> 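Have a look at the structure that comes next, please.
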Amino acid sequence: MASGNDRLVSCSSSSSLRLLLFMIPLIVISGCASVLGSRNSSWGFISRHPWPWSSPTAATITSVKTPQVPSTKESEGLLDLHSTVVGVHHREEAISEDSVLNRSSSPPLDVEAAQPPPAAANGTEKVSLNISKRAGPLFAASVNETHALPVTSRPQRQYTTLERVEAGLRRARSAIREAKIGNRTPDPDYIPNGPIYWNVNAFHRSYLEMEKQLKVYVYDEGEPPLFHNGPCKSIYSMEGNFIHKMEMDSHFRTKDPEKAHLFFLPFSVAMLVRFVYVRDSHDLGPIKQTVIDYVNVVSTKYPYWNRSLGADHFMLACHDWGPETSFSIPYLHKNSIRVLCNANTSEGFNPSKDVSFPEINLLTGSTDSFIGGPSPSHRTLLAFFAGGLHGPIRPILLEHWENKDEDVKVHKYLPKGVSYYEMMRKSKYCLCPSGYEVASPRVVEALYTGCVPVLISDHYVPPFSDVLNWKSFSVEVPVREIPNLKRILMDISPRQYIRMQRRGIQARRHFEVNSPPKRYDVFHMILHSLWLRRLNFRVHHHGIGK
């Protein structure tokens, strides 16, 4: 009979053997799981997105909920909101942290992070976290460095055209971010320079990326004169000018909507007012219904409006009723990019989403006779304005300065035989008060004639102010300071005036209308403003239940 110690040893050995036999399968299974797990590491979104212009306190990505169907009668049947959604990030400044895009009082939309880049052509898939340290990583992965994975180790991902488009935008954002602190990119035509720009390197690289990538799809639906047409010889001429140039463009316009970054709704508000509005009726209903019908047509025929809820679509209007027309459809106003001359923040203009559009009065359809003027030493008049009692600001200006001072020429009507443009060429400063709407063609006319613009308005966002530092070549005077106008202008030193005048001449190239368009002119600057806003959000498919 075995002793107690022998039984303990026997039990201990038997238990150890059973434990060993039990652990071996676990170790094998664990090892297999580890190998498989390393080969199939999953990507997970984290809470920051490294935009080129992001600050260390980048906004966190919020969850995107499927929007509710608008209850208004006008939008019934317009959108299939459950098929796809768009995520829109905080639309931050692409060029300068000090520019107007960071001063918007309107809350931005939310955005999703971008997808990993498509598979490389050399048989391996490069997964590169090429992200600046201040912005944080884009994805949470099993490693924090660039690595190559053999395609044969897992099924090859098939990327959609949309994902490839978004990958290109992601690369552009990275290039712009690096340009802010990097070397200047060579350009045989024009190198932006000087204080008229918020950040010359970032703007230049962004412009070059736009030329390389941007594609705009113009919907073919609609018939002239309301669609694909617009005035070219009036105060609303920039509507027709942009529409016609976009229609004829062979570089930025694409016939393949799958490759488009932006979609243009080619209706003209000025033509709608002319042909659809019942004169003196004060009823914008017919105009709004026409826009509703048009968006219904394109959203039924194509998937792109519903895919993004209109966020990658844009409308353009220089008519005063452009903003009101955009209220025809909730998502046209809320999500779409509105390119507006009437860039009035008190009426819902959102500088982080919308584009300020320069108002240019092309009475002859050309700027040939407008551009040019004498040097500062030959400008004998301090300030000039001529215009009717249009809006709430001009009566205040005329009350204080009409026929009151020989240095500040303010007229309701010019004396017979006096040339308006010659008066601008004689003046150091040209007064640009808002009318009923904030935009005024005098701003561009001043730049054309070499006169320093004096912006007298409230709530106005000047054109291209995401790129241009308007304070470097213009004077901003609040409406309450109109009585002190002469003192304000006289306090500007001769040296500072000459600097502003020369900078205005430099900035003028961005407002010139050319046919055909030239690089960096007004047509390309409008496209660049659209490009910046497209860089600030990401469109993605999101199926039901995913």
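Since the structure is predicted, the reported quantities are computational estimates derived from the model, not experimental observations.
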> Got a donor-acceptor contact below 3.5 angstrom from the W305 side chain to the G310 backbone?
no
> Would you please name every residue forming a ring-ring contact (aromatic ring centres under 6.0 Å, His included) with Y207, sequence neighbours left out?
Y520
> Are the side chains of T325 and V273 in contact, using a 4.5 Å heavy-atom criterion?
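No, side chains not in contact.
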> Under 3.5 Å, side chain of R503 to main-chain N/O of S472, donor-acceptor pair present?
yes
> Return each pair, listed once, that meets side-chain hydrogen bond (donor to acceptor under 3.5 Å, both in side chains) where at least one residue sits in residues 504-518; pairs must be two or more places apart or across chains.
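Those involving residues 504-518 are Y197-H510, N514-D521.
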> For H244, what residues pass the ring-ring contact (aromatic ring centres under 6.0 Å, His included) criterion, not counting sequence neighbours?
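ring-ring contact (aromatic ring centres under 6.0 Å, His included) list for H244, sorted by chain: empty.
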> With distance as the sole test, does E239 use its side chain to make a donor-acceptor pair with the main-chain N or O of V269 at under 3.5 Å?
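Side chain of E239 to backbone of V269, a donor-acceptor pair under 3.5 Å: yes, one is there.
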> Which residues satisfy the ring-ring contact (aromatic ring centres under 6.0 Å, His included) test with F264, sequence neighbours excluded?
F242, F314
> Distance from M238 atom CE to I243 atom CD1, nearest 0.5 Å?
11.0 Å
> Is any side-chain heavy atom of P257 closer than 4.5 Å to one of F263?
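The answer is yes, as the side chains (C-beta and beyond) meet within the 4.5 Å cut-off.
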> Calculate, to the nearest 0.5 Å, the distance between atoms CG and CD belonging to L535 and E209 respectively.
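Separation between the atoms: 8.5 Å.
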> Can you tell me how far the OG atom of S206 sits from the NZ atom of K180, to the nearest 0.5 Å?
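Result: 11.5 Å between the selected atoms.
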> Does L309 offer a backbone N or O that forms a donor-acceptor pair with the side chain of N335 under 3.5 Å?
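Judged by distance alone, yes, a pair lies under 3.5 Å.
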> Go through the side-chain N and O atoms of R338 and S326 and say whether any donor and acceptor fall under 3.5 Å apart.
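Yes - a donor-acceptor pair under 3.5 Å links their side chains.
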> Using modelled atom types and a 3.5 Å cut-off, is there a donor and acceptor pairing between side-chain atoms of S440 and backbone atoms of C432?
no
> Is there any salt bridge (charged side-chain N to carboxylate O under 4.0 Å, His left out) pair reaching into residues 262-286, and which pairs are they, with sequence neighbours excluded?
none
> Quick check against the 3.5 Å criterion: does S234 have a side-chain atom that pairs as donor or acceptor with the backbone of P231?
no
> How far does CZ of R534 sit from NE2 of H528, to the nearest 0.5 angstrom?
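Between atom CZ of R534 and atom NE2 of H528 there are 15.0 Å.
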> Here's a test for you: under ring pair (Phe, Tyr, Trp, His ring centres under 6.0 Å), which of Y277, F327, Y236 qualifies with W321?
Y277
> Just grab all the disulfide bond (SG atoms under 2.5 Å apart) pairs involving residues 254-286, residues at least two apart or on different chains.
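The answer is none; no pair qualifies.
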> Between the main-chain N or O of L332 and the side-chain N or O of H313, is there a donor-acceptor pair closer than 3.5 Å?
no
> Suppose the criterion is disulfide bond (SG atoms under 2.5 Å apart): which pairs have a residue in residues 310-362, not counting sequence neighbours?
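Passing the test, one end in residues 310-362: C318-C341.
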> Between atom CG of N306 and atom OH of Y331, what is the distance when rounded to the nearest 0.5 Å?
11.0 Å
> With E221, which residues qualify under side chain to side chain donor-acceptor pair (under 3.5 Å), at least two apart?
K301, Y302
> Supply the atom-to-atom distance F203 CZ to M210 CE, rounded to the nearest 0.5 angstrom.
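If I round to the nearest 0.5 Å, the distance is 8.0 Å.
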> Going by heavy atoms in the side chains, are N361 and S237 under 4.5 Å from each other?
no
> Which atom pairs, donor and acceptor, lie under 3.5 Å between side-chain atoms of residues 446-462 and protein residues at least two apart or in another chain?
| residue | atom | partner | partner atom | Å |
| --- | --- | --- | --- | --- |
| Y448 | OH | F511 | O | 2.6 |
| T449 | OG1 | E445 | O | 3.0 |
| T449 | OG1 | A446 | O | 3.2 |

> With a 4.5 Å limit on heavy-atom distance, are the side chains of V291 and F267 in contact?
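Result yes, sub-4.5 Å side-chain heavy-atom pair found.
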> Name all pairs fulfilling the salt bridge (charged side-chain N to carboxylate O under 4.0 Å, His left out) condition that reach into residues 186-195, sequence neighbours left out, sorted by first residue then second.
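Every salt bridge (charged side-chain N to carboxylate O under 4.0 Å, His left out) pair that includes a residue of residues 186-195, provided the two are not neighbours, is D187-R519, D189-R519.
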> Taking salt bridge (charged side-chain N to carboxylate O under 4.0 Å, His left out) as the cut-off, I'd like each qualifying pair that reaches into residues 257-271, sequence neighbours left out, listed once.
none
> After noting the C-alpha distance and the side-chain angles of D220 and R253, does the key distance pass the salt bridge (Lys or Arg N to Asp or Glu O under 4.0 Å) rule?
CA-CA 12 Å; D220 292 330; R253 184 180 180 184; 3.5 Å; yes
> Looking only at side-chain N and O atoms, does D256 offer a donor or acceptor that is under 3.5 Å from a partner on T254?
no
> For the backbone of N296 and the side chain of S299, can you confirm whether one donor and one acceptor N or O come within less than 3.5 Å of each other?
yes
> Please work out which of the three classes, parallel, tilted or perpendicular, describes the rings of F227 and Y294, given edges at 30° and 60°.
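Judged by the thresholds at 30° and 60°, the geometry between Y294 and F227 is parallel.
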> What pairs meet the disulfide bond (SG atoms under 2.5 Å apart) rule with one or both residues in residues 161-222, with sequence neighbours excluded?
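Applying disulfide bond (SG atoms under 2.5 Å apart) to every pair that reaches into residues 161-222, excluding sequence neighbours, yields nothing.
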> State whether the side chain of H228 and the backbone N or O of E247 hold a donor-acceptor pair below 3.5 Å, judged by distance alone.
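No, because the side chain of H228 does not come within donor-acceptor range (under 3.5 Å) of the backbone of E247.
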> So, H540 and E166: side-chain donor and acceptor under 3.5 Å apart, yes or no?
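The answer is no; no qualifying pair exists.
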> Only one of D312, D354, D466 forms a salt bridge (charged side-chain N to carboxylate O under 4.0 Å, His left out) with R533, so which one is it?
D466
> Tell me, do P463 and F357 make a side-chain contact under 4.5 Å, heavy atoms counted?
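Sidechains of F357 and P463: no contact.
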> Taking C-beta and beyond as the side chain, do L262 and I337 meet within less than 4.5 Å on heavy atoms?
yes
> Under a 4.0 Å N-O cut-off, is there an ion pair linking K288 with E324?
yes
> Students often mix this up, so state it plainly: with edges at 30° and 60°, are the rings of W470 and F473 parallel, tilted or perpendicular?
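Answer is tilted, since the angle falls between 30° and 60°.
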> Counting distance only, does the side-chain N/O of K215 pair as donor-acceptor with the main-chain N or O of H251 below 3.5 Å?
yes
